[in-house]
There are 2 protein chains.
Amino acid sequence: MGATIRDVAQAAGVSVATVSRLVNGTGRVRDDTARRVQTAIDRLGFRPNAIGRNLSTARTRTLGVVIPSLSNPVFADAVAGINAEAKAQGYTLMFMATDYVRTDEQALVGTLLAYQVDGLILTVADAADSPVLDALDRDDVPYVLIYNQPTARNRPTVTVDNVTAGREVADFFADLGHERLAMVSGTLTASDRARARRDGFVAGAEARGLAAPRVLEVDFVDLDADAAVAPLFADRTGAPTALFCSNDLLAISVIGALGRLGLGVPADVSVIGFDGIAVGAQLHPTLATVAQPSREMGRVATTRLLARLAGETAAPATVLPHTLRPGESAGPAAKPCPADLQVPFHHNGRSPS
Amino acid sequence: MGATIRDVAQAAGVSVATVSRLVNGTGRVRDDTARRVQTAIDRLGFRPNAIGRNLSTARTRTLGVVIPSLSNPVFADAVAGINAEAKAQGYTLMFMATDYVRTDEQALVGTLLAYQVDGLILTVADAADSPVLDALDRDDVPYVLIYNQPTARNRPTVTVDNVTAGREVADFFADLGHERLAMVSGTLTASDRARARRDGFVAGAEARGLAAPRVLEVDFVDLDADAAVAPLFADRTGAPTALFCSNDLLAISVIGALGRLGLGVPADVSVIGFDGIAVGAQLHPTLATVAQPSREMGRVATTRLLARLAGETAAPATVLPHTLRPGESAGPAAKPCPADLQVPFHHNGRSPS
DNA sequence: GTGACCGATGTAAACGGTTACATCAACGAC
DNA sequence: GTCGTTGATGTAACCGTTTACATCGGTCAC
């Protein structure tokens, strides 16, 4: 296809070493020689083959990224941040999505490593119990985790404090007068951070003297929100008045399902999500959420990884600040007067058959 | 870092050729030899270096992807489709986002080519006028466009029929009784498809005997929706009652801005978007939109690209079906004065029944 | 004039695979 | 016994770079 360095060298009447030196700016080249070589480069449309370069330098200036899914804006944002920082430093990304199939992590990372990526940025299902990470540690491959919960293994991680955030959500609800809390979470075994959020939430509820929140685990990948949410409200009198969803996408689906169940948000049920995806602020009602600085997390993770590649050793965990962002979807608990309790359900337009 | 094929060969007491043949399944290897080699591979944790392989085979089994942004779910969905198909065929992705900076396209594609991607899938600002595509054509680099508008150059493209879709939106509004239409679009020069949608929309309005829609061009990247939308409604009597937004993200922002202007959707203004991103169906009001099969577009584009890599030549443009998906954000025009009601000065071509 | 030094450039050996071709043993046909 | 064939394996060139080291004028101090 393209011209090689040898073609250029021949055309310019110099050796390949001279061309290489000029192209990379290593070593000095006399001005008139440089001009001659440059002319040849332009004429032949020479573009150095990165593969050849990588092979001889054993570095690719490529970063591997493995995330659960691109369809969730929270990951798309992080990747955007990674991409921006990587680009700024002259690195290119190769990325793969696991689609939440935990057992695929290994193979994806394997592929990336075969391509000799210089380092990896990943979100795994569970950082505390991960064959992939064990393998990376064993082979001394540089990597940084994002979103994952920091563990006793002291793996390099960029994250928010999920436990505290969960606790704050419980406080938030308690401050609004809610007494019966619940959580709707994606598969807990597939997400260490969801577990952390739950732990904080449950602990927070307990600290405020509230009944232990019911925790509903749903299949986030192909979600039937209506069916998933229904059981929570089968028993009307004991039904929760405040729902913590483990992520915003889930919260949005849940709010839709609640509407179809005839439950108003926030009139009957308050809902808060997690992530702070941009679209949440555009919803009606606007989505209350715990916002994570996703783009920034991607940026910081990249910075840390590149620092590590440059030989520096850094702290195991970087914790970035989260923000509990109130929204119209979460309001004060309905006054617990008996009258209210009798009319908790207004059915939607569909005529009963 | 890892063991090389030579290490394995030595450990197993065979030549590198034998190891290579076993690993790739090319050529026969005696059973006991195979076992010996396999043992060595396992023991050393040998993983073939893709760089070395690529250099000698001149193929990388890597696809380059260039899209405007990952933050727009419509592109994230397409990438998910590309990723799925590529993975299924044993290809890996390298991708880059232009962040709508048109002049960056060239450099990004250049980087990808330096990495010797086997082919490219891209969405450029304007397929009819694109130095990047000219260069790719000249160098005979295989690529497939997605989302872009097919042009006279017959470049391989996977898309929906944006013009027809735009016309259908005008029809849709007209059928609902709207008479004053407008469009809010991202920068037209940065998007050939936005132009096509506008052209169809304007033509459709004309065909129905409506006044030419006002077309508002906004900076989509950092959008101040409130300021952008305001001028349309400065004169409230002449203000449009139906708004076509060139994409869903824009529509969502516009709906928010309308609310802050005190305008109800759809009571005062009907809004329809374009793309069919999943979150639209979860909004309140649900977002009317022209849905494109984004994931499928990514999948098909990948299939076509891989076919091209396998030597097949395919049709220039694949047009996938779009769907005008009604939603609560678009409703009948508010009844004007009774006099107007009696004088329907347009009809839809079908005979009244 | 000689030797040290210097800057510009060339030579050739990696890097880690693939693969055309060579080699070699075993076997059967004659 | 010779020859041809076949299957298993080895040898070494090659892919496109980088780079340590060699080379070669020229300049300068003495």
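To find a chain, count down the sequence lines: A is the first, B the second, and so on, and within it residues start at 1.
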For B:Q10, side chain to side chain donor-acceptor pair (under 3.5 Å) partners two or more places apart: none
Rounded distance (Å) that lies between atom P of D:dG16 and atom CD1 of A:I5: 11 Å
Interatomic distance, B:Y115 OH vs D:dG16 C1' [rounded to whole Å]: 15 Å
Sugar-phosphate only, base, or nothing, as touched by B:T4 at under 4.0 Å among non-hydrogen atoms: sugar-phosphate
Nucleotide C:dT19, atom C1' - distance to CG of B:N24 in whole Å: 11 Å
Any residue of residues 42-55 of chain A with a heavy atom less than 4.0 Å from an atom of DNA chain C: A:L55
Interatomic distance, A:Q10 CD vs D:dG16 P [rounded to whole Å]: 14 Å
Close N or O pairs between protein and nucleotides 6-12 of chain D (under 3.5 Å):
from   : atom 1 : to    : atom 2 : distance (Å)
D:dA8  : OP2    : B:R28 : NE     : 2.9
D:dT9  : OP1    : B:T33 : OG1    : 2.2
D:dT9  : OP2    : B:R30 : N      : 2.8
D:dG10 : OP2    : B:S15 : N      : 2.6
D:dG10 : OP2    : B:S15 : OG     : 3.0
D:dG10 : OP2    : B:T18 : OG1    : 2.8
D:dG10 : N7     : B:R21 : NH2    : 3.0
D:dG10 : O6     : B:R21 : NH1    : 3.3

N/O donor-acceptor pair under 3.5 Å between A:N24 side chain and A:R21 backbone: no
Which residues share a side chain to side chain contact (heavy atoms under 4.5 Å, CB included) with B:A88, sequence neighbours left out: none
Atom pairs, protein N/O to nucleotides 23-26 of chain D N/O, distance under 3.5 Å:
none

Listed partners of B:A307 passing side chain to side chain contact (heavy atoms under 4.5 Å, CB included), at least two apart: B:E312
A:N154 side chain vs A:P316 backbone, donor-acceptor pair below 3.5 Å: no
Rounded distance in Å - CD (B:Q116) to P (D:dG16): 9 Å
Any donor-acceptor pair under 3.5 Å from A:D192 side chain to A:N148 backbone: no
All side chain to side chain contact (heavy atoms under 4.5 Å, CB included) counterparts of B:A135, not counting sequence neighbours: B:Q106, B:R138
Counterpart residues, salt bridge (charged side-chain N to carboxylate O under 4.0 Å, His left out), relative to B:R28 (two or more places apart): none
A:R155/A:D134 salt bridge by N-O under 4.0 Å criterion: yes
Atom pair distance, as rounded to whole Å: CG in A:L113 and C1' in C:dG16: 16 Å
Within residues 83-105 of chain A or reaching into it, pairs that qualify as ring pair (Phe, Tyr, Trp, His ring centres under 6.0 Å) - sequence neighbours excluded: A:F95-B:F95, A:Y100-A:F220
Passing option when A:D32 is tested against A:R36, A:R30, A:R35 for side-chain hydrogen bond (donor to acceptor under 3.5 Å, both in side chains): A:R30
Net bend of the helix from C:dG1-D:dC30 to C:dC30-D:dG1, end axes of five pairs each, nearest 10 degrees: 60°
Non-neighbouring partners of A:Y143 that pass ring-ring contact (aromatic ring centres under 6.0 Å, His included), sequence neighbours left out: none
By ring-ring contact (aromatic ring centres under 6.0 Å, His included) - contacts of B:Y115 (at least two apart): none
Atom pair distance, as rounded to whole Å: CG in B:L22 and P in C:dG17: 14 Å
Base of C:dT18 paired with side chain of B:S56 (donor-acceptor, under 3.5 Å): no
